[in-house]
Structures are given as structure tokens and as C-alpha cells.
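Have a look at the structure below before the remarks.
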Protein chains: 2
Amino acid sequence: MQTGLRRLHYFQQLASDLNFRQAAVKLGITQPALSRAINLLEDDVGTRLLERDNREVRLTLAGESFLRGCERVMSALDGAVSQACKVADGQAGQLTVGYTDTAISGLLPDFIRCLRIALPEVTLHLKQAYSQQQKEWLDDGKLDIAFMTGPSESDNHASLDFQHDRFIVILPVEHPAAKIRSLNLEHLAEYPFVMGDPIHWQVYNAHFLRLCQAVGFTPDIVQSAPDSRGIVGMVACGMGISVQTESLGKQGDPRITFRRLNGVTDRVVTQAVWNTRFSQPVRDKTIQHLKAWMVDSDAV
Amino acid sequence: MQTGLRRLHYFQQLASDLNFRQAAVKLGITQPALSRAINLLEDDVGTRLLERDNREVRLTLAGESFLRGCERVMSALDGAVSQACKVADGQAGQLTVGYTDTAISGLLPDFIRCLRIALPEVTLHLKQAYSQQQKEWLDDGKLDIAFMTGPSESDNHASLDFQHDRFIVILPVEHPAAKIRSLNLEHLAEYPFVMGDPIHWQVYNAHFLRLCQAVGFTPDIVQSAPDSRGIVGMVACGMGISVQTESLGKQGDPRITFRRLNGVTDRVVTQAVWNTRFSQPVRDKTIQHLKAWMVDSDAV
DNA sequence: GTATATTGATGCCTTCTAGTTATCACCGAT
DNA sequence: ATCGGTGATAACTAGAAGGCATCAATATAC
């Protein structure tokens with residue numbers, strides 16, 4: 001089949017008009033050209049598609065079948081082209097998004113919900129992972145956007161501050177510090193702490209330790225857990241208290257309570273991070289939407 | 001999109017090799033020709049499909065999408081061509097078959113069963129109708145093959161004798177004639193008859209009347225029914241007896257019985273009839289199979 | 001660091017496909 | 001018999017597609 005798509009189009013028009021001259025006019029060519037094109041098409045297909053004599057033209061049964069086939073070919077082609085353009089423009093395709101505990105407990109679900117409406121033809125893949133892991137995945141191309149605890153340092157990465165979390169204290173409801181009206185970090189110096197495990201929570205824990213040292217104590221960390229759910233669980237067990245981001249304070253366990261930390265102005269910044277070395281139109285479109293969304297939600 | 005299928009094929013090969021020279025060799029063209037073809041394709045599609053620099057070629061995301069689209073286009077085209085050839089050869093398509101009571105009660109189901117295995121891609125439409133009706137439908141093109149009581153007289157029709165039925169008598173089990181050992185038509189002269197209605201059973205009834213007159217009586221027809229089931233039912237009711245084709249003797253009603261008619265050598269011929277003015281490859285293939293099938297089943 | 005090999009892109013020329021014009025053969029209607 | 005319509009055919013022409021030679025950029029070898 002060396003025949004071009006042009007001939008298929010000619011055949012479609014001819015099948016609809018059943019008149020060579022008329023079809024040729026609509027196609028913007030002359031009748032002999034159409035005659036020859038159809039002959040060549042029939043040679044290629046290997047069977048007669050039209051029965052023609054000097055007074056009428058009609059489709060053979062094979063021609064009817066081939067006509068339906070042509071429509072499928074044409075629509076497949078249209079689909080391929082328009083889909084490719086959409087993919088190039090970021091309106092269709094795949095997007096793999098990484099996120100942390102803090103992001104998924106905070107603003108991320110609102111944004112994702114908004115994104116799914118804005119880009120309905122994009123298939124989203126969400127992967128929970130520690131910030132460090134997400135960084136590696138960004139480099140490997142396994143992740144298009146990471147929502148991770150910043151700052152990101154790599155030259156290949158661009159980022160956008162997405163969420164700013166205050167520090168809060170998580171306490172068992174019966175804990176003595178829960179009764180203090182205006183709670184400072186200093187009030188907590190004497191109590192045992194539960195924190196995230198040192199390997200994956202490296203950056204966060206270092207930040208917390210700096211805060212403690214700034215007010216003159218080193219916390220007594222008696223337990224560590226791999227994720228926020230584990231930390232909250234341990235606090236609920238009464239094994240200690242913890243300092244976490246305010247987004248995690250939404251977890252509704254009746255055995256625990258949350259308190260603002262006065263005197264601590266630091267924020268934990270969750271950033272949207274992406275790898276500028278990979279070209280990914282859907283990701284770029286997503287970043288655009290993210291910027292617009294942040295302006296919108298700030299305005300609210 | 002004025003681009004030919006050739007370019008899609010070039011793109012597929014290039015996408016698989018990711019190397020212009022190598023792909024060009026496999027395609028039997030030179031590298032510059034391929035370079036230009038791909039550029040023109042990208043212009044047509046409206047977006048870049050391949051990221052290329054001096055050391056490597058790789059598909060863009062849009063290119064990956066378009067590649068999948070190309071495969072769909074190509075397989076749609078292959079399908080269209082091969083399906084058209086099958087239709088032209090009679091291996092695929094539609095076949096509308098008309099049949100009479102006698103045909104469907106006789107050999108037709110065996111043949112149809114065989115046909116469905118031989119031509120699995122043909123969709124069969126079966127329509128029961130009187131012979132006269134089938135003739136008209138053949139002329140209108142509403143029927144591809146009729147299995148009807150012959151002979152057919154039209155010049156446009158070709159036919160093949162399909163089934164030869166002896167005449168049999170249908171009697172209520174308690175009927176006095178049921179006790180006669182060797183039954184002749186003459187034995188039935190005194191009894192009331194149930195026959196097919198005069199409009200649709202015209203040819204058959206005329207045949208029957210000739211048989212009766214040959215042995216010197218005119219039957220007393222007291223009831224008529226539109227179809228064989230009705231006739232058999234009326235006989236079961238005891239309203240009369242009937243003379244029918246032996247194929248109808250397969251109906252297993254316990255209240256009736258069947259007897260050979262001695263001395264009657266005539267046969268009712270059921271023919272396969274088709275309209276030679278329409279070209280219908282599936283029908284032609286079916287006739288071929290029918291001829292072969294008749295030789296086979298005669299041999300058994 | 002230079003030389004060499006390999007990559008895809010470009011310019012010019014050739015080839016062949018596809019289109020145009022002119023004409024034919026055939027049929028139905030007037 | 002003529003006229004108006006059909007599709008097919010032949011000869012010619014224009015434009016797309018391919019080939020050849022070459023370029024620019026990069027990677028590899030020594």
C-alpha cells in the first residue's frame with residue numbers, strides 16, 4: 001500500500017457523490033485526475049471498489065466495506081494529530097506527582113481537585129514519598145512534580161513555594177502542658193519527645209533541633225516513627241509529645257490535642273519542585289495552573 | 001494533513017531506531033530524504049515529534065502519543081484493505097437467506113450449520129417467507145438466496161435443486177386410514193382435508209390437486225391454515241387429514257401420525273434460487289459451498 | 001589538543017508521481 | 001440524428017520526493 005491518504009479522501013468524496021465530475025469539482029481537481037487516482041487505489045487495494053458504466057456509478061460491497069474502513073482510518077489520523085498537539089500543549093498525557101505527609105494533609109488535595117477539572121484529559125499518578133526520595137525520583141524522571149519539604153538545592157530543579165506551615169505541639173489531652181494558656185517552646189524542655197525517624201526526617205528534625213537550641217535546650221527524643229500517622233499514634237499512646245506542622249493538626253484523634261507555639265516565627269515550607277532538564281508540557285501547564293491557583297486562593 | 005501514509009511509516013521506523021541513517025537504510029532511502037520527510041511531517045502535525053541534536057534522537061511526549069496514533073492508523077488501514085478483499089472474495093459480509101417451512105424442516109439447518117463454520121466472518125440473516133414473497137424479495141435485492149418451492153421461472157434467477165420431498169399423509173393417530181398397511185392416495189378420497197391457504201400455497205396445492213385428479217377424485221378441503229404448524233395442529237384437532245412434504249413429518253406431535261403414499265412418484269423440489277443481476281460475492285461463495293455440500297451429503 | 005568518525009541538516013539537481021488539457025467512446029433524451 | 005451527460009485515455013506539465021555532495025556540531029581516540 002504505497003497509496004497516500006489523499007486517495008482515500010478522494011474515494012470518500014466519490015463514494016458520497018457517486019459522480020466523478022461532481023466529486024472532482026468538490027475536491028478541487030479535474031475528473032481525469034480522479035479517475036486515475038481511483039484506478040490506482042483499486043489496484044493497491046486489490047479489488048474493484050466501484051461499479052461504473054457510462055450512466056451510473058455505484059459502490060461494490062467491497063467498496064462499502066472499504067468506505068467504512070476509510071472513515072476509521074481518517075478518524076484515527078485526526079485523533080492521532082489532535083492528541084499529539086494536546087500532548088505537546090500539556091492538555092493531555094500523564095503526570096506523576098510526588099507528595100509528603102504534610103502536603104497531602106494541607107493544600108495539595110484542593111489543588112489536585114482543581115487540576116483534575118482544568119486538565120480532564122491528563123491522567124494523574126500520585127506517589128507518597130519522603131522529600132529525599134522525591135528528589136531522586138525527579139532526577140530519574142520518575143516524578144514530574146514533587147510536593148516536598150524545601151528548600152531544594154539542585155541546579156536542575158526549579159521550585160515554587162506552595163505551603164507555609166507553622167509549628168504546633170501535639171499533646172495527649174491529659175498532658176500537663178495542655179493546660180498552659182500561652183505555650184512557648186521553653187515550656188516543653190522537660191518532657192520526652194516523639195519525632196520522625198532520623199533518616200527520612202533529617203531536614204525537618206534538624207530544623208526543630210535548631211529551634212530548641214535557640215531557646216536553650218536539647219529535646220529528649222524517646223521514640224521515632226516513620227510517618228506522621230505513627231508519630232500521632234505514639235503521642236496518643238502517651239509516650240511523648242511532638243512538634244509538627246500545622247497541616248498535620250487536622251487529624252481528628254480524640255486522645256490528642258494541638259497547641260500553637262508562641263514565639264516561633266519559622267515556617268516549614270512545602271515546595272512544588274520539578275526538573276527543568278526534562279521537557280514535560282503537562283508539567284509546565286500544571287505549574288501555570290498552580291501559580292494561578294495560588295493567587296486565587298491567596299485572594300480568598 | 002496532506003501528508004501521505006509513507007511519512008507515517010517513515011516516522012514509525014525512525015521512532016523504533018532513533019537514528020536517521022539507520023532508519024533510512026531500512027526504509028531504502030537516504031538520510032537527507034528521511035530528514036526532510038520528518039520535518040514536513042512535523043510541520044503538518046503542527047508540533048515537534050522528535051528531539052534531536054548532534055548526538056541523540058529521542059521521541060517527545062507528543063511523538064510517543066503520535067506513534068501510538070500511527071499504529072492505530074496503520075492497523076485501521078490494513079484492516080480496511082483486508083476486509084475489502086475478503087468482502088470481494090465472499091469470505092466476509094452479510095448474507096440474507098429466505099426459506100420456507102419445508103426447507104427449514106428439512107436439510108437447510110444442516111447446510112446453514114456447515115456454512116457458518118466455512119464462512120465464520122459472514123453475518124447471516126434468515127427470513128422465513130412463502131415462495132412467492134421470496135421471489136419478489138430476490139428481485140428487490142432484499143434476499144441474496146431463497147430456499148423456496150420450485151421451479152423458479154424468472155430469467156434473472158439461477159437455481160439449484162436443493163431438496164426433494166416425497167408426499168406423505170398426516171393423520172390423527174385414531175384415524176381409520178392409519179390402519180391401512182399400504183396406503184394409496186385413492187384410500188383418502190372420502191375424507192375431509194386440511195391444506196395450506198389458497199393464496200400462499202397456490203403452487204403446492206395445484207400440484208396436490210393434479211395428483212388427486214390423476215387417481216380420479218377431487219379432495220374435500222374443509223379447512224386451510226397459513227403454515228405447516230397450523231395444518232398439523234388442525235390435523236391434531238381431528239378436523240381432517242393432509243398431504244404434505246416428508247420433511248414436515250419430523251414434527252413430533254403424539255396426536256398425529258404419518259404414512260408414506262404409495263403410487264406417488266412426484267417430488268416437491270425445494271430450490272436454492274438467486275438473482276444473477278446482482279453481484280454478491282458472499283452469495284457466490286455460498287453457492288459454491290452448497291454445491292460441494294450437496295455432493296458430500298449425497299455421498300453419505 | 002588535534003584528528004577522525006558520526007550525528008542530523010542543507011542546497012542543488014534529478015526522478016517520478018499526480019494534475020491539467022484535450023479528446024474519445026458510450027449512452028439516454030430530445 | 002443530435003445534443004448533453006457519463007467515465008476512460010493519451011500526452012504534456014508541475015510539484016513533491018529522493019539522491020548526492022556537503023556542512024556544522026559533537027564525541028571519541030590517540
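Chain naming here is simple, since letters A, B, ... match the order of the sequence lines and numbering starts at 1 in each.
Side-chain atoms of A/P32 lie closest to C/dA22 of the nucleotides C/dA22, D/dG7, C/dG8. The side chain of B/R6 approaches D/dG18 more closely than any other nucleotide in the set C/dA22, D/dG7, D/dG18.
Atom CG of A/N39 and atom C1' of D/dA10 are 14 Å apart (whole Å). Counting to the nearest Å, the P atom of C/dG8 and the CD atom of B/E42 are 13 Å from each other. D/dA8 atom P lies 13 Å from atom CD of A/E56, rounded to whole Å. Atom CD1 of B/I38 is separated from atom C1' of C/dT10 by 16 Å (rounded to the nearest Å). A/R52 places its CZ atom 9 Å from the P atom of D/dT9, with the value rounded to the nearest Å. The distance between atom CG of A/L34 and atom C1' of C/dG19, rounded to the nearest whole Å, is 12 Å. If you take CG of B/L41 and P of C/dA9, they are 13 Å apart, rounded to a whole angstrom.
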With 3.5 Å as the limit, what N/O pairs link the protein to nucleotides 13-15 of chain C?
none

Any N/O pairs under 3.5 Å between the protein and nucleotides 24-30 of chain D? List them or say none.
{"unit_1": "D/dA27", "atom_1": "OP1", "unit_2": "B/R55", "atom_2": "NE", "d": "3.2"}

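Remark: B/S35 is not in phosphate contact with C/dG8, judged by side-chain N or O atoms under 4.0 Å from OP1 or OP2. Between A/R7 and C/dA18 there is a side-chain polar atom (N or O) within less than 4.0 angstrom of OP1 or OP2.
Electrostatic pairing of B/K285 and B/E121 does not count as a salt bridge here, judged by no charged N lying under 4.0 Å from a carboxylate O. Using a 4.0 Å cut-off between charged side-chain N and carboxylate O, A/R52 and A/E42 make a salt bridge. A salt bridge links A/D44 to A/R7: one of the charged nitrogens lies within less than 4.0 Å of a carboxylate oxygen. A salt bridge does not link A/E51 to A/R58: none of the charged side-chain nitrogens sits closer than 4.0 Å to a carboxylate oxygen.
Judged purely by atom type and a 3.5 angstrom limit, A/S131 has no side-chain atom pairing as donor or acceptor with the backbone of A/M148. Panel note: side chain A/Q13, backbone A/A23; no donor-acceptor pair is recorded below 3.5 Å.
Residue A/D139 forms a side chain to side chain donor-acceptor pair (under 3.5 Å) with just one option from A/Q134, A/R277, A/H157, and that option is A/H157. Partner of A/Q280 under the side chain to side chain donor-acceptor pair (under 3.5 Å) criterion, out of A/T286, A/T96, A/D144: A/D144 alone.
Contact of the B/L34 side chain with the B/L27 side chain is registered, since non-hydrogen atoms from C-beta on lie closer than 4.5 Å. Between A/T100 and A/F147 the shortest side-chain heavy-atom distance does not fall below 4.5 Å. At a threshold of 4.5 Å between non-hydrogen side-chain atoms, the residues A/T60 and A/E64 do not count as touching. The shortest distance between side-chain heavy atoms of B/L95 and B/H125 does not fall below 4.5 Å.
For DNA chain C, the neighbouring residues in residues 14-31 of chain B, judged by any heavy atom under 4.0 Å, are B/N19, B/F20, B/R21, B/Q31.
Applying the ring-ring contact (aromatic ring centres under 6.0 Å, His included) criterion to B/H207, with sequence neighbours excluded, gives B/F167. Listed by chain and residue number, nothing satisfies the ring-ring contact (aromatic ring centres under 6.0 Å, His included) test with A/H164 (two or more places apart in sequence, or in another chain).
Axis angle between the ends of the helix from C/dG1-D/dC30 to C/dT30-D/dA1, five pairs each and rounded to 10 degrees, works out to 10°.
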